[in-house]
Every structure is written in C-alpha cells, then in structure tokens.
*Asks:* 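Below is a structure I'd like to ask you about.
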Amino acid sequence: MIVSRFAPSPNGPLHLGHAYAAIVAHDLARTRGGRFLLRIEDIDGARSRPELADEFRRDLEWLGLEWEEVAPQSTRLESYRAAADELLQRGLLYPCTCTRKEIEALKPKLGPDGLVYPGTCKGRLIDPARPAALRLDMERAQAEAGSLTWVDELAGEQICDPQQFGDVVLVRKEEPASYHLAATLDDAADGVTLVTRGADLFFATHIHRLLQALYDLPVPTWHHHALLLDHEGKKLAKRRGSPALSDLRERGEDGLLLAQQLRLQRLPSGISLGKP
Ligand code: GLU
C-alpha cells in the first residue's frame, strides 16, 4: 500500500507552496488507495513554535485534506540518539567542533547543499570543552554500503552519489539529529513507501538512501514534485511576501476552491510552477 506524507517544520506559517506539497502528497496516496500522513518536524528546538502545528492542522482541514497524524519529531529524540550511537560504535561518525566561521575561512568547495566540510576534525583529538557535532565519515560509509541506486517516480532511477556532500552532520551541536538523520529514520518508522516532497530536496535523497543502507531500512520510492516559484523564479517563502494560508483562511477565502485550483495548476498571478 502507498503511504505518503507531508512533513512541515513549525518554524513559520504554511504558504501556497506548502499547500501544493500537501495536496500532491495527499492525492498521490488517495488516488492509489493509500494512506497520507502528517508529521510535524519540530526537531529544531530554537526555531520551532509549537502553536504553529495547530495552525497547520487547521490549514490542511481548510484545504479539504484528510490525514493520519504520526508522532512529532520532538517525541522521537531517543530513537535518534540510539541510531547515532550505533553509527558511532561502528566508527562511521566523528565529532567535529568546527564553527561555521572556521569552515568558511578554509574556503572549501561548494556542494549541492552549501559548503563541503573539508574534514578538519576527522581523526583529530578534539577539545572536549567545545560543543561537538557528529559528522558522517562519508568515505567509510560509502565503502560499507557499496553502490546504491534510488528511484524517483518522475526522474527515474538515480545512481546514489552522497560523496558530493562530503562529511555531513548527522547530530547537530544543539540537537540529537540533523534533518537527514531524523527524516530518514522517521520515514522508515512511519512505514512511508512514497517520500513526497519538493524538488529542492532531490539531492538530499542521496544521503538518505545511504543512511537507509547503513541502517538496513526498507527503501521507499521518492516523488520530488515541482516547486511553486515567485515572480523572480525563487521558491515561495513567507519572508519573501508569500501570504500565509492562515491569513487567507482568516480572510474568509475558500480553501476547497484554492485546493482545486492548485490541483489544476491554475496559479495566482506572479506564481509559476518550476521543473520537478
Ligand atoms: N520538514 C521539511 C521542511 O519543512 C520537509 C522535509 C521532507 O519532506 O523530507 O522543509
């Protein structure tokens, strides 16, 4: 059975881009007789605003969607710790005390997700007084996992290439998991078979596929949908003037009509659909 999900982070209100993402994930499951899950990704303690999760539920209801809600990330911290510990025991993680500034000063190359960590802390004794993140030793991890592929419903089969990201952070200094670790573990724990999300996270899937291999998790299929773009061709964002769904809702706009229009890709003026 198809199980898809919408996994918003409550660090800002949902906007039209989120509405489109939720509708795509919902409809992909519903049209195939599957389940559609809502998972609140409230792992970022400093930026998460718990009251937003309720707004999200009201927004989705307003759009006419039905979902099953699974446990929010903030209740799963133990599972992230245990999983990180396991990789640490296997020698696949190493502590890193570098700050962003220190990394920038080394002028490392740029990967698909920002600066590629040059491996400064790998194999070095770190100062135990400084806060440390845990990074994946990408070379060792890839050697252990062997060659992998993954399938996006729209883009087809992909050769898994996580090396381009370098040694990514799996445990952040202030949180027990990074997005990559938490999302991968949660999708497996929630039985997600079709990971549906925006094309901006297409590359992150290389990392997630590697983590699935390391933890021997079931491998879903992915569906990276096109993003809604503003008049400058940039991803919609609240801070760039995209109206919050909660504002539209409170203004009395018709959510069901909006959902229908998004389904038909009839977009408000100034907004376009990018490439998947
Ligand atoms: N929580 C992520 C976000 O709001 C979504 C991650 C995902 O769908 O994998 O961007």
Side-chain angles (χ1 to χ4, degrees), residues 2-29 35-50 52-53 55-57 59-60 65 67 69-77 80 112-114 150 152-155 162 165 168-170 172 175-212 217 219-229 234-240 242 244-246 274 276:
I2 291 280
V3 182
S4 73
R5 80 333 185 246
F6 175 55
S9 303
N11 46 30
L14 301 185
H15 52 63
L16 281 180
H18 293 109
Y20 182 72
I23 289 166
V24 169
H26 171 273
D27 291 3
L28 283 171
R35 296 164 58 210
F36 168 61
L37 311 181
L38 169 68
R39 182 173 68 233
I40 303 293
E41 300 214 319
D42 55 351
I43 196 180
D44 187 341
R47 290 171 65 213
S48 273
R49 290 160 49 199
L52 282 177
E55 288 286 318
F56 290 3
R57 294 180 194 105
D59 292 340
L60 297 183
L65 306 185
W67 65 91
E69 184 161 352
V70 294
Q73 288 192 325
S74 55
T75 64
R76 307 187 193 210
L77 306 187
Y80 307 147
D113 197 23
W150 54 275
D152 178 272
E153 281 197 327
L154 303 174
F165 292 86
V168 289
V169 168
L170 289 195
R172 295 167 51 189
E175 309 287 343
S178 67
Y179 157 65
H180 299 305
L181 181 62
T184 303
L185 294 172
D186 292 350
D187 281 334
D190 296 338
V192 173
T193 63
L194 184 63
V195 175
T196 310
R197 60 182 170 216
D200 53 335
L201 288 166
F202 188 91
F203 285 100
T205 301
H206 290 293
I207 301 169
H208 302 181
R209 179 66 190 91
L210 172 65
L211 292 176
Q212 285 157 358
L217 298 174
V219 182
T221 302
W222 281 265
H223 183 110
H224 293 95
H225 59 77
L227 296 175
L228 295 194
L229 306 176
K234 296 213 168 95
K235 183 182 163 183
L236 295 191
K238 180 73 191 356
R239 76 191 130 74
R240 296 173 43 79
S242 231
L245 297 183
S246 51

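As the structure lists them, so they are numbered: ligands from 1, and atoms in each ligand from 1. One is the number of the first residue; the rest follow in order along the sequence.
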*Asks:* Between H206 and F165, how do the two ring planes meet: parallel, tilted or perpendicular, split at 30° and 60°?
*Replies:* tilted
*Asks:* Where the closest heavy atom to atom 2 (C) of ligand 1 is concerned, which of A7, P10, A182 has it?
*Replies:* A7
*Asks:* Under 6.0 Å between ring centres: does that hold for H224 and F203?
*Replies:* no
*Asks:* Strictly inside 4.0 angstrom of atom 10 (O) of ligand 1, do you find any protein heavy atom?
*Replies:* no
*Asks:* Give the atoms of ligand 1, by number and element, whose distance to some non-hydrogen atom of E41 is under 4.0 Å.
*Replies:* 1 (N), 2 (C), 5 (C), 6 (C)
*Asks:* Side chain, backbone, both or neither: which part of L201 comes within less than 4.0 Å of ligand 1 when only heavy atoms are counted?
*Replies:* side chain
*Asks:* To check your reading of the model: name the closest protein heavy atom to atom 8 (O) of ligand 1, its residue, and the distance in Å.
*Replies:* R5 NH1, 2.7 Å
*Asks:* Using a strict cut-off of 4.0 Å, indicate which atoms of ligand 1 neighbour a heavy atom of R197.
*Replies:* 7 (C), 8 (O), 9 (O)
*Asks:* Could you establish whether Y179 and ligand 1 come within less than 4.0 Å of each other, counting only heavy atoms on the residue side?
*Replies:* yes
*Asks:* List the atom of R5, the atom of F36, and the distance in Å for their closest heavy-atom pair.
*Replies:* C-CE1, 4.0 Å
*Asks:* Among all protein heavy atoms in this structure, tell me which lies nearest to atom 3 (C) of ligand 1, with the distance rounded to 0.1 Å.
*Replies:* S9 OG, 3.7 Å
*Asks:* So, H18 versus F56, ring centres under 6.0 angstrom or not?
*Replies:* no
